[in-house]
Amino acid sequence: MNAPPSARACERANDMIEKQKLKPISGFPEWLPEVRMVEQAWIDRIRGVFESYGFAPIETRSVEPVEVLLKQGDTDKEIYALRRLMEEEASASEADYALHYDLTVPMARYVAANLNDLTFPFKRYQIQRAWRGERPQEGRFREFTQCDIDVVDTRDIPLHFDAEMPAIVYEVMQALDVGPTVTRINNRKVLEGFYRALGVEQPHEVIRIVDKQDKIGPDGVSKMLTDELSLDGATIGKVLDLARVTGTKADVVERVRALGITGDLLEQGLDELHFVMKALESYPEGAFVADLSVARGLAYYTGTVYEVKFADDPSFPTICGGGRYENLVGSMLNKHLPGIGISIGLTRIFSKLVREGRIAPTRKTPTQVMVCYLPDASYEAVNGVARTLRARGIKTELFHEPRKLKQQLAYASNKGIPHVWFPAVGAEGKHEVKTLATGAQADADPESWLPEG
RNA sequence: GUGGCUGUAGCUCAGUUGGUUAGAGCGCCUGGUUGUGGUCCAGGAGGUCGUCGGUUCGAACCCGAUCAGCCACCCCA
């Protein structure tokens with residue numbers, strides 16, 4: 001490690017540049033080991049719930065053809081294009097591939113591509129990162145992990161799944177202990193049927209604006225409907241009447257019917273909404289709310305839509321979202337392949353709890369016991385103890401060099417390793433284990449000892 | 001992409017009306033003898049004050065530009 005002076009100077013100069021590179025990049029979160037361990041435990045629990053309902057795992061490539069990502073209309077999506085740095089200028093101008101910005105579109109492509117090998121209804125879960133080039137903010141990232149479950153079928157999807165999706169997510173939220181959440185449920189058919197019956201010609205625009213009621217209030221919605229869509233006062237009144245309807249029970253649909261608007265699509269949507277709310281009535285009051293102002297921005301939703309928020313922090317962005325889509329997968333082929341799904345914003349939820357200090361502090365390593373490398377012991381002896389413990393399924397690390405015990409203990413203590421093992425030395429030496437939290441130390445046998453933590 | 005606020009050590013921040021060698025706490029490293037961590041004590045490393053330019057005898061401080069971060073909009077997990 002004796003670099004010549006010139007190299008040293010060069011390193012120093014590089015350090016200046018490196019400092020900038022060492023800074024975190026906004027929107028690309030990274031955790032310390034003790035935090036990542038919790039996040040991994042979360043992922044394990046989410047997987048557990050997904051699999052308990054019979055959903056199978058897939059992983060899709062991180063990259064899709066640009067046309068696939070842009071297919072569903074939302075062309076203004078901020079997507080990251082893939083390009084080789086060494087590429088020739090000419091061919092570099094237009095990218096063929098881009099990082100996926102969600103998991104639903106890649107899933108649709110995957111289903112379309114593997115149609116012959118999948119059994120329908122196809123039920124899959126997918127826990128992967130996604131990328132969006134938007135401006136980062138609280139709760140919004142440029143690289144983040146989503147946990148998706150979807151069902152795709154070659155026939156019409158039974159309403160059973162419309163009710164099961166939010167139930168699964170509710171169970172996940174309970175398992176993760178993130179605090180009270182509210183799942184708001186609506187049905188696009190109700191909105192579209194209602195607006196069409198009113199004579200509105202661009203129901204999707206109305207849906208987009210009504211979705212903002214949460215943030216800008218009824219007056220703000222009213223103003224936008226006037227300014228942007230030039231709707232008349234009577235129509236706006238009805239639109240706002242519908243957006244005001246909420247309820248925790250299936251009978252909420254009667255309150256919509258009471259508004260006196262009728263239509264086939266509207267009725268179909270109300271029947272669906274009734275079924276879903278009825279199926280969820282056995283859950284704690286307030287966990288699921290029918291809210292006729294919820295729309296979800298995404299264009300491809302056609303029926304039931306969901307949106308989960310923290311009950312005690314309504315201004316925080318949506319933590320789970322999803323719904324039913326009639327044509328997303330089919331649009332890749334020429335078939336009718338409806339789907340329904342919901343996505344958990346793992347990074348969004350997790351980072352909030354981290355920031356609020358609500359992630360239980362844990363140790364910095366999974367190690368359960370650290371074997372001391374006693375200065376006068378042989379490497380074979382101490383390593384042998386470690387191997388014995390490890391073979392019994394105990395997470396064991398051997399201290400890496402025969403340093404002073406003071407330093408070995410400090411290392412174990414700083415990393416939060418619960419136990420330290422002092423191997424037997426000499427003919428009549430005894431193995432001892434110390435529990436750092438209490439300071440207690442006792443004789444132990446590597447063949448039978450069991451850790452507490 | 002549009003608008004507003006902020007940029008001093010690894011982190012959280014002080015820094016007087018512009019004035020010598022820019023500080024604190026935490027963290028980090030070493031030591032306080034022989035085989036036992038946290039506490040305590042002593043010592044140490046670490047900063048061209050985001051970057052570039054301007055005003056000035058003199059700039060961390062004033063001005064401009066630029067970059068980055070945060071917040072709001074857009075959109076969304």
Side-chain angles (χ1 to χ4, degrees), chain A residues 12-13 15-17 19-29 32 73-79 100-104 126-148 169 208-209 211-212 214-216 220 224 295-299 301 306-310 315-323 341-352 355 370 372-377 382 399 402-426 429 432-441:
Chain A
R12 264 197 85 77
D15 281 350
M16 308 286 193
I17 305 160
K19 273 203 119 169
Q20 288 302 314
K21 295 188 193 161
L22 291 179
K23 283 182 152 179
I25 302 177
S26 177
F28 291 81
L32 292 170
D74 298 331
T75 47
D76 57 339
K77 276 259 158 37
E78 288 285 352
I79 62 174
H100 58 232
Y101 57 82
D102 72 4
L103 303 180
T104 309
Q126 205 170 337
I127 300 175
Q128 277 181 250
R129 287 199 209 277
W131 295 265
R132 290 182 196 174
E134 325 170 295
R135 275 267 203 292
Q137 246 171 71
E138 175 177 3
R140 54 187 333 196
F141 298 86
R142 296 197 282 202
E143 178 177 62
F144 54 96
T145 301
Q146 285 189 311
C147 312
D148 279 37
V169 167
R208 203 195 86 237
I209 292 170
D211 200 34
K212 297 180 196 304
D214 214 24
K215 197 175 277 182
I216 62 177
M224 284 185 78
R296 299 273 74 215
L298 282 175
Y301 293 130
Y306 320 103
E307 172 172 297
V308 182
K309 305 202 101 180
F310 285 115
S315 65
F316 193 77
T318 306
I319 54 178
C320 311
I342 191 163
S343 174
I344 299 173
L346 175 67
T347 306
R348 187 170 269 182
I349 300 167
F350 187 73
S351 66
K352 175 181 159 75
R355 191 161 26 79
M370 185 194 85
C372 280
Y373 193 161
L374 300 178
D376 47 359
V382 293
F399 195 79
R403 295 183 73 187
K404 288 179 179 173
L405 278 190
K406 177 189 178 70
Q407 280 153 337
Q408 299 196 32
L409 267 287
Y411 169 84
S413 181
N414 288 338
K415 278 184 104 170
I417 296 171
H419 305 283
V420 170
W421 192 282
F422 300 102
V425 177
E432 289 181 54
V433 175
K434 181 183 179 106
T435 302
L436 260 51
T438 61
Q441 191 165 328

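In the text below, chain A, chain B and the rest are named by the order of the sequence lines, each starting its count at 1.
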Identify the pairs formed between an N or O of the protein and an N or O of nucleotides 66-72 of chain B at a distance under 3.5 Å, and give each distance.
| residue | atom | partner | partner atom | Å |
| --- | --- | --- | --- | --- |
| B:G69 | OP1 | A:Ser26 | N | 3.4 |
| B:C70 | OP1 | A:Ser26 | OG | 3.3 |
| B:C70 | OP2 | A:Ser26 | OG | 2.5 |
| B:C71 | OP1 | A:Glu138 | N | 3.3 |
| B:C71 | OP2 | A:Glu138 | N | 3.2 |
| B:A72 | OP2 | A:Gln137 | OE1 | 2.7 |
| B:A72 | N7 | A:Gln137 | NE2 | 3.4 |

For nucleotides 34-36 of chain B, give me every protein contact, N/O to N/O, under 3.5 Å, one pair per line with atom names.
| residue | atom | partner | partner atom | Å |
| --- | --- | --- | --- | --- |
| B:U36 | O2 | A:Lys434 | NZ | 3.2 |
| B:U36 | O2 | A:Gln441 | OE1 | 3.4 |
| B:U36 | N3 | A:Gln441 | OE1 | 3.0 |
| B:U36 | N3 | A:Gln441 | NE2 | 3.3 |
| B:U36 | O4 | A:Gln441 | NE2 | 2.9 |

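Of the C1' atoms belonging to B:A65 and B:U55, the separation is 15 Å, rounded to the nearest Å. Distance noted for atom P between B:G53 and B:C61: 14 Å (whole Å). Using atom P as the reference point in both B:C40 and B:C26, the two lie 9 Å apart (nearest Å). To the nearest whole angstrom, the two C1' atoms, one in B:G4 and one in B:U12, are 25 Å apart. Nucleotides B:G38 and B:G32 have their P atoms positioned 13 Å apart, rounded to a whole Å. Nucleotides B:A9 and B:A14 have their P atoms positioned 12 Å apart, rounded to a whole Å. B:G37 and B:C29 are spaced 16 Å apart, taking the P atom of each and rounding to whole Å. Comparing the C1' positions of B:C67 and B:G50 gives a spacing of 8 Å, expressed to the nearest Å.
Atoms CG (A:Leu32) and P (B:C11) sit 12 Å apart, rounded to a whole Å. As rounded to whole Å, 10 Å separates atom C1' of B:G31 from atom CD of A:Gln407. Rounded to whole Å, the distance from CZ on A:Arg208 to P on B:C74 is 9 Å. Atom-to-atom, CD of A:Glu307 to C1' of B:C75 comes out at 13 Å; the value is rounded to the nearest Å. Across the protein-nucleic acid pair, A:Asn414 atom CG and B:C29 atom C1' stand 13 Å apart, rounded to whole Å. Separating the CZ atom of A:Arg140 from the P atom of B:G1 is a distance of 14 Å, rounded to the nearest angstrom. The interatomic distance linking A:Ile209 (CD1) with B:C74 (C1') rounds to 13 Å, in whole Å. Regarding A:Leu436, its CG atom lies at a distance of 9 Å from the C1' atom of B:G38, rounded to whole Å.
Residue A:Arg296 places none of its side-chain N or O atoms closer than 4.0 Å to OP1 or OP2 of B:C75.
Residues forming a side chain to side chain contact (heavy atoms under 4.5 Å, CB included) with A:Lys212 (at least two apart in sequence, or on another chain): A:Ile216, A:Met224. Evaluation of the side chain to side chain contact (heavy atoms under 4.5 Å, CB included) rule for A:Val433 yields A:His419, A:Trp421, A:Ala444, A:Trp449 as partners, not counting sequence neighbours. With sequence neighbours excluded, the residues forming a salt bridge (Lys or Arg N to Asp or Glu O under 4.0 Å) with A:Asp214 are A:Arg184, A:Lys309, listed by chain and number. The salt bridge (Lys or Arg N to Asp or Glu O under 4.0 Å) check on A:Arg355 picks up A:Glu138, with sequence neighbours excluded. With sequence neighbours excluded, no residue satisfies salt bridge (Lys or Arg N to Asp or Glu O under 4.0 Å) with A:Arg348. In terms of the side-chain hydrogen bond (donor to acceptor under 3.5 Å, both in side chains) criterion, A:Ser413 has no residue partners (sequence neighbours excluded). When the ring-ring contact (aromatic ring centres under 6.0 Å, His included) test is applied to A:Phe316, the partners found at least two apart in sequence or on another chain are A:Phe310. In terms of the salt bridge (Lys or Arg N to Asp or Glu O under 4.0 Å) criterion, A:Arg142 has no residue partners (sequence neighbours excluded). Taking the ring-ring contact (aromatic ring centres under 6.0 Å, His included) definition, one finds that A:Phe350 meets it with A:Trp31, A:Trp42, sequence neighbours left out.
Along RNA chain B, the nucleotide closest to A:Ala440 and the one closest to A:Gln146 are compared, and the more 5′ of them pairs with A:Ala440.
Residue A:Ala412 is out of contact with every strand shown, counting any heavy-atom pair closer than 4.0 Å. Heavy atoms of A:Arg403 sit under 4.0 angstrom from primed sugar atoms or phosphate atoms, though from no base atom. If you check every strand for non-hydrogen atoms under 4.0 Å, A:Gly439 touches a base.
Helical stems in RNA chain B, defined as runs of 3 or more consecutive Watson-Crick or G-U wobble pairs with both donor-acceptor distances under 3.5 Å, are listed by first residue as B:1-7 with B:67-73, B:10-13 with B:23-26, B:28-32 with B:40-44, B:50-54 with B:62-66.
Expressed to the nearest 0.5 Å, how far CG of A:Asp102 lies from CG of A:Asp148 amounts to 7.0 Å. How far SG of A:Cys372 is from CG of A:Leu409: 5.5 Å, rounded to the nearest 0.5 Å.
Using a 4.5 Å heavy-atom threshold, the side chains of A:Val420 and A:Leu436 count as touching.
In this structure, of B:U30, B:A77, B:C74, it is B:C74 that holds the atom nearest to the side chain of A:Lys212.
For A:Phe141 and A:Phe28, the ring centers are positioned 6.0 Å apart or more.
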